[in-house]
Peer 1: 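Quick one: the structure is below, and I'll ask about it shortly.
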Amino acid sequence: MTRCLVTGATGYIGGRLVPQLLDAGYDVRCMARAAGRLRDQTWRDRVEVREADAMIPQQTRAALDGVEVAYYLIHTMGSGRDFARKDRRAAEVFAAAAGDAGVRRIIYLGGLTTASRPSPHMRSRGEVERILLASDVPTVALRAAMIIGSGSVSFEMLRYLTERLPVMTTPRWVRTLTQPIAIRDVLRYLVGVAELPAQVSRAFDIGGPDVLSYADMMRGYAEVAGLPPRMIIPVPVLTPRLSSYWVGLVTPVPAGVARPLVESLRNEAICHEHDITRYVPDLPEGLIDFRQAVHLALRRIKEADVATRWSSASTPGAPSDPLPTDPDWAGGSLYVDERSKVVNASPAALWQVIEGVGGDNGWYSLPVAWRIRGLLDRLMGGVGLRRGRRDANRLRVGDAVDFWRVEEIVPGALLRLRAEMRLPGLAWLELACHEEDGRTVYCQRAIFHPHGLLGHLYWRGISPLHGLIFGRMPGNVARAAARQSHAA
């Protein structure tokens, strides 16, 4: 049985590719910097997981041991100044480790552009492609433009722009032509190229049957979604930076993620060949067109059957340090706001409320204050509250919940969220329930590890607001749990 390694398995594409490979009969190993983030995936028991950082040669080489086909799905979506250096370094380490491990094929999913002066992020994608193709391992690089699928960052941006703005003054890039492709076709190609002959080492353009402008796609989305016709008024004054802030305010996509997308949309992205069909033939019914892809994505969203979302991947610039477990942690001071309350409900009813926190259900205290905090975070380039949740009722490790991420979940007992808003420090929120002397008890703990003087000043300055927010949560959670218990 062929063994495949999938990097980026915690991300949007990788998380969907793994079950496709398993269903196709491959033995799958996942490489992740934090193996725990894959713990709650439905396919976790069917794969092997190796914890490794693609920037560290020894770890990457060990993860590739015994692998025949390696999927390189690592991308830097942040806007930090050194993203290109990190992309280049990771690709060089991976290519060298794959050659040393005797991997017979590398498969890379990159970006499609025909521009002579591509955006910085597209230029970095091209550099990664060249590094992998120049390695000693036969490589297939699939070049895709906009990917249409439930939960993809491109689709979410299109969806929210169209739904929230019936009249839009838009930048010039809405007139640029692109060739979108459905996520189902992307996954079919990714699985299909695993068995290409060894002598095939090249890039392939992949795209759907439609060539559309962004304005065309917004109008098409509105039609499929049953929305009134949208009025689109292009204006020439919005730079990519300003456009990304505009997108960040209107959609759940933060400005730091939106900017590389906007920059890439300034240039045409149209396939110049369709040679991939020599090796992975089109299905008899052909490729999925744009409107059908939108229909499938909306159906998944309506049925709450979104396997992965763009927010599944780590947010650029967000903290990733785990919660210190030693109370005398050497890393510095920890501020703690701890509260508890006896709840007139069953533990199961209380847990249902805890696991359903955030998103449309809110945070059970001062909704206006939470919205203001989310808006401030977005103005600072953070993710804000608009990411919502992947699933309205169930959570798993790694899920995004507004401007938090699930760091740990013990069903029926503990939910630990790590903050991904812009803060001068690291923050966590723990919500827990347990039985004590026959009573159901709700426990809540907010933890903050300040960075420098600004961090200490932040905690002391915001403590009065924390008193209002965190002080009201236990009572409101208890009442919601009581209602759940009585309804049951």
Peer 1: Report yes if the side chains of Pro450 and Tyr458 come closer than 4.5 Å at any heavy-atom pair, otherwise no.
Peer 2: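 No, every pair of side-chain atoms sits at 4.5 Å or beyond.
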Peer 1: Flag the pair Leu375 / Ile372 as yes when at least one side-chain heavy-atom distance between them is below 4.5 Å, and no otherwise.
Peer 2: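 Of all side-chain heavy-atom pairs linking Ile372 with Leu375, none is under 4.5 Å.
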Peer 1: Dump the intermediate steps for side chain to side chain contact (heavy atoms under 4.5 Å, CB included) on Phe290 and Met217, then the final yes or no.
Peer 2: CA-CA 8 Å; Phe290 173 76; Met217 288 189 282; 3.6 Å; yes
Peer 1: Considering non-hydrogen atoms only, spot the tightest contact between Ile107 and Val69 and give its length.
Peer 2: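 Residues Ile107 and Val69, closest heavy atoms: CD1-CG1, 3.6 Å.
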Peer 1: Kindly indicate whether the side chain of Val343, heavy atoms from C-beta on, has any atom under 4.5 Å from the side chain of Val441.
Peer 2: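 No; the side chains remain at least 4.5 Å from each other.
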Peer 1: Tell me, do Leu112 and Met122 make a side-chain contact under 4.5 Å, heavy atoms counted?
Peer 2: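 Of all side-chain heavy-atom pairs linking Met122 with Leu112, none is under 4.5 Å.
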Peer 1: Pairing donors with acceptors under 3.5 angstrom, does anything connect the side chains of Tyr442 and Gln444?
Peer 2: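 Yes.
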Peer 1: Where do Ala9 and Val18 come nearest, in terms of heavy atoms and distance?
Peer 2: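 Shortest heavy-atom separation between Ala9 and Val18 comes out as CB-CG2, 4.3 Å.
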Peer 1: Has Asn344 got more than 12 heavy atoms of other residues, nucleotides or ligands less than 6.0 Å from its CG?
Peer 2: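 12 or below, so no.
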Peer 1: If I compare all heavy atoms of Arg472 with all of Ser365, which pair ends up nearest, and what's the gap?
Peer 2: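 Looking at all heavy atoms of both residues, the shortest contact is CB-CB, 3.8 Å.
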Peer 1: Give the intermediate values and the outcome of salt bridge (Lys or Arg N to Asp or Glu O under 4.0 Å) for residues Arg89 and Asp87.
Peer 2: CA-CA 6 Å; Arg89 172 62 178 165; Asp87 277 350; over 6 Å; no
Peer 1: Short question: side chain of Thr7, backbone of Met31 - any donor-acceptor pair under 3.5 Å?
Peer 2: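 No, the answer is negative, given that no donor and acceptor are paired below the 3.5 Å cut-off.
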Peer 1: Look at the rings of Trp459 and Tyr335 and say which category their plane angle falls in: under 30° parallel, 30 to 60° tilted, over 60° perpendicular.
Peer 2: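 Because their plane-to-plane angle is under 30°, the rings of Trp459 and Tyr335 count as parallel.
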Peer 1: Of all heavy-atom pairs between Arg50 and Glu48, which one has the smallest distance, and what is that distance?
Peer 2: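 Taking every non-hydrogen atom into account, NE-OE2, 2.9 Å.
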Peer 1: Measuring from atom CG of Leu64 to atom CG of Leu5, what distance do you get when rounded to the nearest 0.5 angstrom?
Peer 2: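 Here the rounded value is 5.5 Å.
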Peer 1: Verify, without hydrogens or angle tests, whether Arg389 (side chain) and Val357 (backbone) share a donor-acceptor contact under 3.5 angstrom.
Peer 2: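 Judged by distance alone, yes, a pair lies under 3.5 Å.
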Peer 1: Find out whether Ile147 and Phe155 are in side-chain contact, i.e. whether some heavy atom of one side chain is under 4.5 Å from a heavy atom of the other.
Peer 2: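 The answer is no, as the side chains (C-beta and beyond) never meet within the 4.5 Å cut-off.
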Peer 1: Looking at every heavy atom in both Ala52 and Ala63, which two are closest together, and how far apart are they?
Peer 2: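 Looks like CB-CB, 4.2 Å.
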Peer 1: Kindly indicate, with the supporting measurements, whether the criterion side chain to side chain contact (heavy atoms under 4.5 Å, CB included) is fulfilled by Leu395 and Val401.
Peer 2: CA-CA 9 Å; Leu395 291 175; Val401 183; 3.7 Å; yes
Peer 1: Hey, mind stepping through His466 and Phe448 against ring-ring contact (aromatic ring centres under 6.0 Å, His included) and telling me if it holds?
Peer 2: CA-CA 12 Å; His466 280 171; Phe448 182 67; 8.1 Å; no
Peer 1: May I ask you to check whether Glu420 and Trp404 show a side-chain donor-acceptor distance below 3.5 Å?
Peer 2: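 Judged by distance alone, the side chains do not pair up.
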Peer 1: Going by atom types alone, do Trp363 and Asp402 pair a side-chain donor with an acceptor below 3.5 Å?
Peer 2: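 A pair is found: one side chain offers a donor N or O, the other an acceptor, under 3.5 Å apart.
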Peer 1: Taking it one step at a time, do Leu109 and Tyr72 satisfy side chain to side chain contact (heavy atoms under 4.5 Å, CB included)?
Peer 2: CA-CA 7 Å; Leu109 179 63; Tyr72 190 79; over 6 Å; no
Peer 1: For Arg445 and Leu431: C-alpha separation, side-chain torsions, deciding distance, then whether side chain to side chain contact (heavy atoms under 4.5 Å, CB included) applies.
Peer 2: CA-CA 7 Å; Arg445 189 166 69 134; Leu431 309 178; over 6 Å; no
Peer 1: Could you check whether Tyr108 and His75 have their ring centres less than 6.0 Å apart?
Peer 2: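 His75 vs Tyr108: aromatic centres under 6.0 Å.
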Peer 1: Between Tyr364 (side chain only) and Ala480 (backbone N and O only), is there a donor and an acceptor less than 3.5 Å apart?
Peer 2: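 The answer is no, because no donor-acceptor pair under 3.5 Å joins these two groups.
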Peer 1: Check the pair Arg33, Asp53 against salt bridge (Lys or Arg N to Asp or Glu O under 4.0 Å), reporting the backbone distance first and the verdict last.
Peer 2: CA-CA 5 Å; Arg33 282 183 299 175; Asp53 187 327; 5.0 Å; no
Peer 1: For Arg394, does the CZ atom sit with more than 12 other heavy atoms under 6.0 Å from it, leaving out its own atoms?
Peer 2: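 It does not: Arg394 CZ has 12 such atoms or fewer within range.
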Peer 1: Assess whether salt bridge (Lys or Arg N to Asp or Glu O under 4.0 Å) is satisfied between Asp23 and Arg46, documenting all intermediate values.
Peer 2: CA-CA 11 Å; Asp23 290 346; Arg46 302 170 62 194; 3.6 Å; yes
Peer 1: In plain terms, say whether Arg390 and Asp399 are close enough for a salt bridge, that is, a side-chain N and a carboxylate O under 4.0 Å apart.
Peer 2: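 Judged by the 4.0 Å cut-off on N to carboxylate O distance, Arg390 and Asp399 do form a salt bridge.
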Peer 1: Would you name the heavy atoms of Ala400 and Arg405 that are closest together and state the gap between them?
Peer 2: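 It is N-NH1, 4.0 Å.
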Peer 1: Side-chain contact, heavy-atom cut-off 4.5 Å: Val6 with Arg29?
Peer 2: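 Result no, sub-4.5 Å side-chain heavy-atom pair not found.
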Peer 1: With rounding to the nearest 0.5 angstrom, report the CZ to CD distance, Arg479 to Gln484.
Peer 2: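 Between atom CZ of Arg479 and atom CD of Gln484 there are 15.0 Å.
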Peer 1: Please tell me if the side chains of Val47 and Leu38 come closer than 4.5 Å, counting only heavy atoms from C-beta onward.
Peer 2: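 Of all side-chain heavy-atom pairs linking Leu38 with Val47, none is under 4.5 Å.
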Peer 1: Pick out which of Arg39, Arg396, Arg416 makes a salt bridge (Lys or Arg N to Asp or Glu O under 4.0 Å) with Glu408.
Peer 2: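 The single option meeting the salt bridge (Lys or Arg N to Asp or Glu O under 4.0 Å) with Glu408 is Arg39.
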Peer 1: Report yes if the side chains of Leu423 and Phe403 come closer than 4.5 Å at any heavy-atom pair, otherwise no.
Peer 2: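 When only atoms from C-beta onward are counted, Phe403 and Leu423 do not touch, as no gap falls below 4.5 Å.
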Peer 1: Relative to each other, are the rings of His449 and His451 parallel, tilted or perpendicular (30° and 60° limits)?
Peer 2: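 Taking His451 first and then His449, their aromatic rings stand perpendicular (interplane angle over 60°).
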